[in-house]
Amino acid sequence: MDTINVPRHVAIIMDGNGRWAKKRKLPRSFGHKAGASRVQEIIETSGNMGIEVLSLYAFSTENWKRPEKEVENIMGLLRHYLKNNSNDLRDNGIRLNILGKIEDLPLDLQEELKIALSKTENNDKMILNIALNYGGQDEILRACQKTMEDFLQQGKDPSSLEAEDFEKNLDTQGQPMVDLLIRPSGEFRLSNFLLYQCAYAEFWFSDILWPDFSKEEYLKALEDFSKRQRRFGGI
Ligand code: FPP
């Protein structure tokens, strides 16, 4: 495979868990469990490919609308994932970062997140962003709020605003913009994921449901990306 043109930042919308379970006449929770078990291989492959940032959309600001039991199930899977895999992340040079409002998550998950964040904070091989209670519009509004506070505090004129004044207040501060956005499961939507950071992202869609999204499928997406001509508005 041509690995010359590797994306710096890959973002994945892990969609299709519910349909995967339905196809097998299983409860939705089985789909989420199968989806969670796909994650580690994709993280490892990303690290091995030299990707700098991998962003995984695990729970959106809109996902609270789901039945309470399903929300509890997803939170439990995340807790379980962190408990079982944070040492692996630490030992493989991966730094965990959370996108979204951590303070509204269940306290036991917040505790597990704190442990995993501190275990991995000195790593620099790859950043793993997990989007949790995350919405792109919410992130932009929070960043606007912080930027306005900065400007008021520093007595700066709004007309002097530069991109970096704003970008340093995003949850992805210091990270490259998204190069490749992957969405399996046959949907063609961004669903409020990394709206600002996807300005010039290449998109890759597939019919495969997330629990079936293998390393081979991921490599196909990366190979396809490596052939794209990106012009960033130029010619
Ligand atoms: C979307 O599928 C999936 C989610 C909202 C949950 C994603 C969560 C995980 C894969 C679990 C754990 C994550 C990590 C990082 C360990 P859907 O339920 O909307 O599927 P459907 O559209 O087929 O109903």
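Every value quoted in this text rests on a predicted model; they were computed, and no experiment measured them. For this chain, numbers begin at 1 and follow the sequence in order. Atoms within each ligand, like the ligands themselves, are counted from 1 in listed order.
- The side chain of Arg66, and not its backbone, has at least one atom closer than 4.0 Å to an atom of ligand 1 (non-hydrogen atoms only; side chain from C-beta on).
- If you number the atoms of ligand 1 from 1 as listed, the ones under 4.0 Å from a heavy atom of Asn63 come out as 5 (C).
- For ligand 1 and Gly35, the ligand atoms under 4.0 Å from any heavy atom of the residue are 10 (C).
- An N or O contact shorter than 3.5 Å is missing between Tyr81 and ligand 1 by distance.
- In this structure, Lys156 does not pair ionically with Asp150, as no charged nitrogen and carboxylate oxygen lie closer than 4.0 Å.
- For residues 42-58, the salt bridge (Lys or Arg N to Asp or Glu O under 4.0 Å) pairs, not counting sequence neighbours, are Arg8-Glu52.
- Checked by distance only, ligand 1 and Arg19 come closer than 3.5 Å through their nitrogen or oxygen atoms.
- In terms of protein heavy-atom proximity, atom 14 (C) of ligand 1 is closest to Leu78 CD2, 3.6 Å.
- Near Ala36, meaning under 4.0 Å from any of its heavy atoms, are these atoms of ligand 1: 10 (C), 11 (C), 12 (C).
- Residue, atom and distance of the protein heavy atom nearest to atom 10 (C) of ligand 1 are Asn17 ND2, 3.5 Å.
- Protein heavy atom in closest approach to atom 1 (C) of ligand 1: Met14 O, 3.2 Å.
- Only side-chain heavy atoms of Arg28 come within less than 4.0 Å of ligand 1; its backbone N, CA, C and O stay farther off.
- Inspection of the Asn5 and Ser226 side chains reveals no N or O donor paired with an N or O acceptor under 3.5 Å.
- Asn169 pairs with exactly one of Lys146, Gln145, Glu149 by the side-chain contact (heavy atoms from CB on, under 4.5 Å) rule, that one being Lys146.
- The aromatic rings of Tyr134 and Tyr57 stand perpendicular to each other, their planes meeting at an angle above 60°, with 30° marking the opposite boundary.
- Between Phe205 and Phe188, the angle of the ring planes goes over 60°, which puts this pair in the perpendicular group of the 30/60° scheme.
- At under 3.5 Å, not a single nitrogen or oxygen of Ile74, backbone or side chain, sits near a nitrogen or oxygen of ligand 1.
- Residue Lys22 places every heavy atom at 4.0 Å or more from ligand 1.
- Of all protein heavy atoms, the one closest to atom 8 (C) of ligand 1 is Ala58 O, 3.7 Å.
- Residues forming a salt bridge (charged side-chain N to carboxylate O under 4.0 Å, His left out) with Lys215 (at least two apart in sequence, or on another chain): none.
- Within 6.0 Å of NZ on Lys83 lie no more than 12 heavy atoms contributed by other residues, nucleotides or ligands.
- With a 4.5 Å cut-off on side-chain heavy atoms, Phe203 and Leu181 count as touching.
- From the protein, the heavy atom lying nearest to atom 20 (O) of ligand 1 is Gly18 N, 3.0 Å.
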